[in-house]
**Q** 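There's a structure below that I have some questions on.
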Amino acid sequence: MAENEFLLATEPLRKRFQDILPQGGNLNLCLACGACAAGCPAAGLAGMDPRKFVRMIALGMDEEILKTPWVWICTQCQRCIHSCPMKVNIPEMIYRTRASWPREKRPKGILGSCDMALRNPSGSAMGTPVEDWKFVVEDVLVEVREKQPGWENLQAPMDKEGAYFCLNQNSREPVMEPEEMVPLWKILHMAGADWTYPSQGWGGENYCMFLGDDQAWERIVRNTAEHVDRLGCKVLLNTE
Ligand code: SF4
Ligand code: SF4
């Protein structure tokens, strides 16, 4: 069976998007004004832009839509829906189109990062073990305290029970650019914020969302929420 061929045997995309389109599915309300494409960072890439995407769905060009790699280039930034006078929910249409792809055919980088996050308790797409995460935070903190005058009392709490804020972190930073974590620690310090990192569930990015995998996305979020609750924090500060 050709890639995505099975999808074409099911209901048309336009029908599958009915609940998120203006007036219950009336794509003729699209004015073809191009406001969506004007601010789109993915416009022109892979021969596609959001206006063209909408027109192709309106014209029933499902086969082309289900094959275009452009849906994976869209950043899901939401600019298009904010600029659209008819409030056509293009990002959600793109998300659902992604979810229509067979999982194993989705981009390997996003797929691998999602699966890695699912496999380890940190929720980190880099697969960083708990002990490494704790070590890096402590190591960076000690270095700042020792080498940066005025920051001798800087804090980077780990698993502090009852802290008001629970902070997550992009997984790349402790591995690739650990010093990039410090500016936010300093801001929180200056603000007198009561915060903590969790030792688990701290991976801030969620590639499963970008993968169009609802169930995996939910598992990552639930893992994080579990550790926010475990520590009794009131607010999750999502840095991603
Ligand atoms: S901004 Fe809205 S109305 Fe204008 S072309 Fe895009 S989808 Fe159509
Ligand atoms: S959500 Fe996607 S289609 Fe819409 S403006 Fe952002 S990149 Fe473009």
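This one's a predicted model, so the numbers in the text were calculated from it and none came from an experiment. For this chain, numbers begin at 1 and follow the sequence in order. Order of appearance sets the numbers: ligands from 1, and atoms from 1 within every ligand.
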**Q** Provide the closest heavy-atom pair for L66 versus W101 in the form atom of the first, atom of the second, distance.
**A**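 Looking at all heavy atoms of both residues, the shortest contact is O-NE1, 3.4 Å.
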
**Q** Report the nearest protein non-hydrogen atom to atom 6 (Fe) of ligand 2: residue, atom name, distance rounded to 0.1 Å.
**A**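 Among all protein heavy atoms, the one nearest atom 6 (Fe) of ligand 2 is C77 SG, 2.3 Å.
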
**Q** At less than 4.0 angstrom from any non-hydrogen atom of Q76, what atoms of ligand 2 do you find?
**A**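 Result: 1 (S), 2 (Fe).
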
**Q** Is the closest basic N to carboxylate O distance between E226 and R222 below 4.0 Å?
**A**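 Salt bridge: no.
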
**Q** Are D159 and R230 within salt-bridge range, i.e. N to O under 4.0 Å?
**A**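 Answer for the salt bridge query: yes.
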
**Q** Between the side chains of Y95 and D214, does any donor sit under 3.5 Å from an acceptor?
**A**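 D214 and Y95 do have a side-chain donor-acceptor pair below 3.5 Å.
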
**Q** Check this for me, if you would: do D19 and R96 make a salt bridge, where the nitrogen-to-carboxylate-oxygen distance has to be below 4.0 angstrom?
**A**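 Yes, D19 and R96 are salt-bridged.
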
**Q** Are D194 and K234 ion-paired here, with the side-chain N under 4.0 Å from a carboxylate O?
**A**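 Salt bridge between D194 and K234, a charged N being under 4.0 Å from a carboxylate O: no.
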
**Q** Quick one: which ligand 2 atoms are inside 4.0 Å of a heavy atom on I94?
**A**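 In order of numbering, the contacting atoms are 3 (S).
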
**Q** Report the C-alpha distance between R98 and Q76 in whole Å, list the side-chain angles of each, state the deciding distance to 0.1 Å, and finish with yes or no for side-chain contact (heavy atoms from CB on, under 4.5 Å).
**A** CA-CA 11 Å; R98 289 182 184 189; Q76 292 281 294; 4.2 Å; yes

**Q** Which atoms from ligand 1 have a heavy atom of G34 less than 4.0 Å away?
**A**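 That gives atoms 4 (Fe), 5 (S) of ligand 1.
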
**Q** Please could you name the atoms of ligand 2 that W70 approaches to less than 4.0 Å, counting only its heavy atoms?
**A**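 Once the distances to W70 are compared, the set is 3 (S).
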
**Q** Evaluate the side-chain proximity of W185 to W151: yes if any heavy-atom separation is below 4.5 Å, no if none is.
**A**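 No - every pair of side-chain heavy atoms lies 4.5 Å or more apart.
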
**Q** Apply disulfide bond (SG atoms under 2.5 Å apart) to C114 and C208, showing your working.
**A** CA-CA 5 Å; C114 169; C208 300; 2.1 Å; yes

**Q** Which atoms of ligand 1 sit under 4.0 Å from any heavy atom of A32?
**A**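 Once the distances to A32 are compared, the set is 5 (S), 8 (Fe).
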
**Q** Check Y95 against ligand 2 and report side chain, backbone, both or neither, counting heavy atoms closer than 4.0 Å.
**A**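 It is neither; nothing of Y95 touches ligand 2.
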
**Q** Would you list the protein N, O or S atoms within less than 2.8 Å of atom 2 (Fe) of ligand 1, leaving out water?
**A**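 Hits for atom 2 (Fe) of ligand 1 below 2.8 Å: C84 SG.
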
**Q** Considering non-hydrogen atoms of the protein only, which is the closest contact for atom 8 (Fe) of ligand 2, and what is the distance?
**A**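 So the nearest neighbour among protein heavy atoms is C40 SG, 2.3 Å.
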
**Q** Closest heavy-atom contact between L45 and W70?
**A**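 What the structure gives for the nearest pair is O-CD1, 3.1 Å.
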
**Q** Could you identify the single nearest non-hydrogen protein atom to atom 2 (Fe) of ligand 2 and state the distance to 0.1 Å?
**A**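 Of every protein heavy atom, C74 SG, 2.4 Å lies nearest to atom 2 (Fe) of ligand 2.
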
